[in-house]
Undergrad: 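After the structure tokens below, expect a handful of questions from me.
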Amino acid sequence: MAERPGGRPNASGVVPVTARVDSGGLWVHTATKYLRQAAVAGPLVEALKAGPLVEAFEK
């Protein structure tokens with residue numbers, strides 16, 4: 001893995017590291033992989049329920 005230029009640690013002490021991902025032009029993971037997880041989907045659903053888009057979909 002190659003260190004990113006200026007690879008200084010962030011406030012949590014994490015150093016950025018990059019690696020090549022050969023995905024053939026496709027995303028390595030689709031959004032559905034993450035949205036199946038309640039920890040990800042729950043806050044997203046709550047944010048959508050609270051936002052202005054709710055009114056648009058209720059019509």
Side-chain angles (χ1 to χ4, degrees):
M1 289 190 264
E3 184 176 315
R4 201 168 68 188
R8 293 178 292 280
N10 65 12
S12 299
V14 178
V15 178
V17 177
T18 60
R20 178 186 165 98
V21 175
D22 188 5
S23 63
L26 302 174
W27 288 31
V28 178
H29 299 293
T30 63
T32 54
K33 173 181 174 60
Y34 301 101
L35 292 174
R36 286 186 192 121
Q37 302 173 34
V40 175
L44 180 61
V45 169
E46 293 305 315
L48 290 173
K49 284 181 181 178
L53 291 176
V54 173
E55 295 171 7
F57 285 109
E58 289 178 344
K59 292 181 181 180

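The chain is numbered in sequence order, starting from 1. Atoms considered below: every heavy atom in the structure, side chains included; atoms not considered: hydrogens, waters and symmetry mates.
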Undergrad: What closest approach, in Å, do V15 and P9 show between heavy atoms, and which atom pair accounts for it?
TA: CG2-CG, 3.9 Å
Undergrad: Taking all non-hydrogen atoms of both residues into account, name the closest pair between A38 and P43 and its distance.
TA: O-CD, 3.8 Å
Undergrad: Under the side chain to side chain contact (heavy atoms under 4.5 Å, CB included) test, which residues partner Q37, sequence neighbours left out?
TA: Y34, V40
Undergrad: State which residues pass side-chain hydrogen bond (donor to acceptor under 3.5 Å, both in side chains) with T32; sequence neighbours excluded, sorted by chain then number.
TA: T30
